Amino acid sequence: MKTRRVLLKALTAVASTMFMGAAAAQELVVWHDLGENGIKWFSAMSTEFAKTRPGVTVRSINYPTEQWFGRSISALNTNTAPDLLFNNYERVIRIEDQTRKLMDLTPVLAQVADKSFLSETDLDVATHGKKMIILPTQRVQMALGVRKSWLDKVGEKFPATWEDAKRVATKFRDNDPDGNGTANTFGFALQAAKPRDLIHMLDLFVFGSGLKHTLIDPQGRIVIDQPRHAQVLEEFLRTYSDYRFVPPDTINHSFPEMYQVIEGGRAGMFRVGDWNVKKWDGATVLKGDFVIGPWPSFDASRRNAVVIGGMRGVAVPENSPNKALAVEFAKFMLGKTAQQASLDNVGSAVRKDLDGSALSERQRMFAAPAWQLAAYDFPEATHAFYPELEAAFHRKLLSGISKPPANWKAFIAETATEMRELTARLQARK
């Protein structure tokens, strides 16, 4: 009898140990669209997080942006959500607007002791309506990139002004800068297919030239026909049309097609995000053959800049399967270890106490910027109707690009009138 009791006790202990081990072994799932760099970053964070949460792993799943949108909205609305979502702030807004199922992270941030590196602007950007929908973890910087060998071939330097940029773009289009004997190169790689594609490109030229607001200001006033804004808008639209600085099918290009033009070596000037540099410095794509700097200046009275075009952050669905643990990991992402991994793998972070010695020269330029920075104004956070206004603005601009008007100034004035009328209707609808 005693032997049986001892055996039963031993079996119970083994079963208990197995149960505890199974309980401790948990997997958090996060969905993002950062590609291989993001997968490496989350893998590094998973290893570090497990040091204080033994048995916990973090598995990241990368989706192309549009798939990320569709899957995230569907999953939250059907209670099949992942533990965490990670993306740019304006993309997370879309998830919140269509589901209303993201956790308010205001009390979570209050639990983070070390957060002095987050500015008031960072926190404003992270908030949508009355909710803090993300913990901000990566500022997104976007510079102008220019192929270095092409500049050397056509005898030019990095363009500082818009006149410089037009001259360089013309040479890139006409002078066979890649030396392949075929007229298949262009001044710029841009995009236009969807509202965020086209207006995002315009944002870079507007904010990069030292102006504030692309379409509408915080008071609800349309700004596109103000003289300085109209100058940038006209030249931007002519880049797609009259100047022939982009591939003819750019009107149909979204992010993937724009990247194909850049990485296929067909464009001399293009957007370089802090997340692009690690790949483009490597031996398989651009091979480091590019220089970066501020966007062109349109007016000597305004200082041109690199654009802070967004804030990436982590969101926690209300129906997260492991919500408490997901919150703990979200807080962990603001810690120095996770932030260092962010800088090393993605090229951006929010903390200021990180080691940049392992970064390439161009990565260090983003990590410790010496250039002027201009921050995007996030009109969608101020005006709930902004996505509808932007969509209408996009349609109008596409009509001008596809069939250039005889008088661009009249086109811009007409567009401004239409946008004011639409704004009034959208505001009255509230």
Side-chain angles (χ1 to χ4, degrees), residues 87-91 115-127 134-146 158-162 164-165 196 199-215 217-218 223 228-229 232 236 269-278 280-281 290-313 334 339-340 342-344 346-356 359-382:
N87 217 308
N88 288 13
Y89 165 72
E90 67 271 15
R91 295 173 184 168
K115 53 178 179 285
S116 60
F117 47 85
L118 292 175
S119 68
E120 185 175 341
T121 300
D122 295 335
L123 300 181
D124 287 344
V125 165
T127 304
I134 61 169
L135 292 187
T137 60
Q138 294 172 348
R139 296 186 188 94
V140 182
Q141 293 183 55
M142 289 172 282
L144 175 67
V146 188
F158 188 93
T161 69
W162 179 242
D164 292 338
R196 261 297 78 195
I199 312 308
H200 169 57
M201 295 289 103
L202 178 57
D203 293 336
L204 296 175
F205 283 90
V206 169
F207 286 90
S209 72
L211 291 172
K212 299 288 187 185
H213 320 304
T214 298
L215 171 58
D217 70 11
V223 300
R228 292 176 174 179
H229 285 77
V232 176
F236 174 77
M269 288 183 278
F270 41 87
R271 182 198 71 180
V272 180
D274 46 25
W275 66 96
N276 295 132
V277 177
K278 187 170 185 178
W280 291 350
D281 269 348
F290 63 104
V291 288
I292 57 175
W295 292 84
S297 167
F298 282 77
D299 186 331
S301 67
R302 302 193 307 274
R303 189 175 175 187
N304 55 329
V306 167
V307 179
I308 300 177
M311 174 68 74
R312 296 192 198 97
L334 287 175
Q339 285 281 293
Q340 184 68 55
S342 175
L343 183 63
D344 292 343
V346 183
S348 60
V350 289
R351 292 184 72 105
K352 301 175 182 177
D353 55 350
L354 305 177
D355 179 9
L359 302 179
S360 71
E361 178 184 357
R362 275 174 287 269
Q363 286 178 310
R364 285 196 295 272
M365 291 173 73
F366 281 114
W371 47 48
Q372 178 83 357
L373 287 169
Y376 176 60
D377 62 346
F378 299 98
E380 55 270 72
T382 305

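This structure is a prediction, so every number in the text was calculated from the model and none was measured. Any value given below was found using the heavy atoms of this structure, including those in side chains, with hydrogens, waters and symmetry copies removed.
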Notebook entry, point to check: Hey, which of L123, N88, I134 is the one that makes side chain to side chain contact (heavy atoms under 4.5 Å, CB included) with M311?
Noted result: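 Testing M311 for a side chain to side chain contact (heavy atoms under 4.5 Å, CB included) against L123, N88, I134 leaves exactly one candidate, I134.
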Item checked: Working for ring pair (Phe, Tyr, Trp, His ring centres under 6.0 Å), residues F270 and W280 -> CA-CA 12 Å; F270 41 87; W280 291 350; 5.8 Å; yes
Closest non-hydrogen atom pair between [X] and [Y], with its separation:
| X | Y | result |
| --- | --- | --- |
| V146 | P159 | CG2-CD, 4.0 Å |
| P218 | T382 | O-CG2, 3.7 Å |
| S360 | V277 | OG-CG1, 3.9 Å |
| L354 | Q339 | CD1-O, 3.6 Å |
| F158 | I292 | CE1-C, 3.8 Å |
| S348 | S342 | O-OG, 2.5 Å |

Item checked: Criterion side chain to side chain contact (heavy atoms under 4.5 Å, CB included) on E90 and F378, from CA distance to verdict -> CA-CA 8 Å; E90 67 271 15; F378 299 98; 4.1 Å; yes
Item checked: side chain to side chain contact (heavy atoms under 4.5 Å, CB included) between F207 and V307, intermediate numbers included -> CA-CA 6 Å; F207 286 90; V307 179; 4.0 Å; yes
Are any side-chain N or O atoms of [X] and backbone N or O atoms of [Y], one a donor and one an acceptor, separated by less than 3.5 Å?
| X | Y | answer |
| --- | --- | --- |
| R139 | V350 | yes |
| S297 | S209 | no |
| D281 | K278 | no |

Could you state the interatomic distance from [atom1] ([X]) to [atom2] ([Y]), rounded to the nearest 0.5 Å?
| X | Y | atom1 | atom2 | answer |
| --- | --- | --- | --- | --- |
| D355 | D344 | CG | CG | 7.5 Å |
| F298 | F205 | CZ | CZ | 6.5 Å |
| R228 | D299 | CZ | CG | 5.0 Å |
| Q138 | R351 | CD | CZ | 14.0 Å |
| F236 | H229 | CZ | NE2 | 14.0 Å |
| D203 | H213 | CG | NE2 | 12.0 Å |

Next item on the list: Could you walk me through whether D274 and R362 pass salt bridge (Lys or Arg N to Asp or Glu O under 4.0 Å), step by step?
Entry: CA-CA 9 Å; D274 46 25; R362 275 174 287 269; over 6 Å; no
Check: How about S119 and D122: does a side-chain donor come under 3.5 Å of a side-chain acceptor?
Finding: yes
Margin query: Quick check: do M142 and V306 have side-chain heavy atoms less than 4.5 Å from each other?
Written below: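 No. Closest side-chain heavy atoms not under 4.5 Å.
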Check: Mind checking whether T137 and L334 have side chains closer than 4.5 Å, heavy atoms only?
Finding: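 SC-SC contact between T137 and L334 confirmed.
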Margin query: Assess the residue pair V232 and L211 against the criterion (side chain to side chain contact (heavy atoms under 4.5 Å, CB included)); give the C-alpha distance rounded to whole Å, side-chain angles, the decisive distance to 0.1 Å, and a yes or no.
Written below: CA-CA 9 Å; V232 176; L211 291 172; 3.9 Å; yes
Without placing hydrogens or testing angles, list every side-chain donor-acceptor pair under 3.5 Å for residues 364-376, not counting sequence neighbours.
{"residue": "R364", "atom": "NH1", "partner": "L359", "partner atom": "O", "Å": "2.4"}
{"residue": "W371", "atom": "NE1", "partner": "Q141", "partner atom": "OE1", "Å": "3.4"}
{"residue": "Q372", "atom": "OE1", "partner": "R303", "partner atom": "NH1", "Å": "3.1"}

Item checked: T161: side chain to side chain contact (heavy atoms under 4.5 Å, CB included) partners, not counting sequence neighbours ->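 Side chain to side chain contact (heavy atoms under 4.5 Å, CB included) check on T161 returns E163, D164.
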Check: Please walk me through it: do M201 and R196 pass side chain to side chain contact (heavy atoms under 4.5 Å, CB included)?
Finding: CA-CA 8 Å; M201 295 289 103; R196 261 297 78 195; over 6 Å; no
Notebook entry, point to check: In chain order, what residues pass the salt bridge (Lys or Arg N to Asp or Glu O under 4.0 Å) check against D377, with sequence neighbours excluded?
Noted result: none
